[in-house]
Amino acid sequence: MKNRSSCGNMIKYQLVARGIIDEKVLKAFSSVPRHLFVPDEIRYLAYNDSPLSIGEGQTISQPYIVALMMQILELKESDKVLEIGTGSGYQTALLAEIATEVFTVERINSLIQKAENLLNDLGYKNIFYRFGDGTLGWKDGNPEQNKFDKIIVAAAAPDIPESLTSQLAMNGKLIIPTGNRTFQQLVVITRTEDGYIHTNEGGCTFVPLIGDEGWQE
Ligand code: SAM
């Protein structure tokens, strides 16, 4: 009961009050119990307006930044989504509430194992998991047939990984924090018939994206 009212307050005061109006995003936040995705000892902080430590030097992102990125992507039910940085699996669950299929990649094995177990226990059947370097995206089979409508990167890159833009479907959107290790801009790339359009959605701070097309440790 307490968790339900904390979740309601999070949606009202952290999301709606700051301009999150996409009904699909708000419904997803009300459906996913955030407290299950944080370590037991800090569960009482789960609905706070901040990122939280999930171990391995990583974080579950602040609810507002997750909602903002999802709203900017204009997610649709028919979307095939690629998520880089599974972390706790919380954002994965939110995406899976809206999209038809979610492909998620994480470079820390213990995190993706834990997230996969929890998401399976919660009954998600439309999520596909991969342990590895997400800067390279999700390369399988014929690259022409394996494109994503939306790509969301939950860690900060020095530059936009070319492997990710090349895996965007026509009219698809990629959102990625880009900048230095301490401060970044939320960059959105839309693939159009005339090329890739870049827009900047403001400042943010994320943990580093480490890999072949990211930071080197
Ligand atoms: N969205 C997650 C959640 O809801 O808990 C939080 C993600 S956390 C801010 C960023 C994650 O990106 C970390 O778990 C980190 O290990 C992961 N990461 C960093 N570089 C990566 C890479 N090259 N490929 C996949 N995951 C990566």
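Please read these numbers as outputs of a predicted model, since none were measured by experiment. We count ligands from 1, going down the list as the structure has it; atoms in each ligand are counted the same way.
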Enquirer: Check ligand 1 against I108 and write out every atom of the ligand that is under 4.0 Å from a heavy-atom position of the residue.
Expert: 16 (O)

Enquirer: Under 4.0 Å, heavy atoms only, figure out whether ligand 1 is touched by the backbone of Q58, its side chain, both or neither.
Expert: side chain

Enquirer: Salt bridge or not for K150 and E101, using N-O below 4.0 Å?
Expert: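 No, no charged N to carboxylate O under 4.0 Å.
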
Enquirer: Regarding atom 16 (O) of ligand 1: of the candidates R107, E213, R34, E106, which has the closest heavy atom?
Expert: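 Nearest option to atom 16 (O) of ligand 1, by heavy atoms: E106.
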
Enquirer: As an exercise, identify every atom of ligand 1 less than 4.0 angstrom from a heavy atom of G132.
Expert: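 So the answer, numbered in order with elements, is 24 (N), 25 (C).
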
Enquirer: After noting the C-alpha distance and the side-chain angles of L186 and I175, does the key distance pass the side chain to side chain contact (heavy atoms under 4.5 Å, CB included) rule?
Expert: CA-CA 7 Å; L186 260 188; I175 188 160; 4.1 Å; yes

Enquirer: Is it the case that over 12 heavy atoms from other parts of the model lie below 6.0 angstrom from the OH atom of Y13?
Expert: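 It does not: Y13 OH has 12 such atoms or fewer within range.
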
Enquirer: Looking only at N/O atoms, are G134 and ligand 1 under 3.5 Å apart anywhere?
Expert: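 Right, the criterion is met.
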
Enquirer: Pick whichever of I210, V153, T104, I54 has a heavy atom sitting closest to atom 23 (N) of ligand 1.
Expert: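 Selected option, by shortest heavy-atom distance: I210.
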
Enquirer: Using a strict 4.0 Å threshold on nitrogen-to-oxygen distance, state whether D79 and K173 make a salt bridge.
Expert: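 The answer is no: the pair does not qualify as a salt bridge.
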
Enquirer: Could you tell me the residue and atom name of the protein heavy atom closest to atom 8 (S) of ligand 1, and the distance to it rounded to 0.1 Å?
Expert: T59 O, 3.1 Å

Enquirer: When you measure from the heavy atoms of P208 to every atom of ligand 1, does any distance fall below 4.0 Å?
Expert: yes

Enquirer: With a cutoff of 4.0 Å, is D212 in contact with ligand 1, counting heavy atoms of the residue only?
Expert: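 Heavy atoms of D212 never come under 4.0 Å of ligand 1.
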
Enquirer: Report yes or no: does S61 have a heavy atom closer than 4.0 Å to ligand 1?
Expert: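 S61: in contact with ligand 1 (<4.0 Å).
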
Enquirer: Would A115 count as a contact residue for ligand 1, given that I'm defining contact as a non-hydrogen atom of the residue lying under 4.0 Å from a ligand atom?
Expert: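 The answer is no: ligand 1 sits nowhere under 4.0 Å from a heavy atom of A115.
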
Enquirer: Within ligand 1, which atoms have a heavy atom of S88 less than 4.0 Å away?
Expert: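 The list of qualifying atoms is 3 (C), 4 (O), 5 (O).
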
Enquirer: Name the residue from D149, T100, N146 that meets the side-chain hydrogen bond (donor to acceptor under 3.5 Å, both in side chains) definition with K80.
Expert: N146

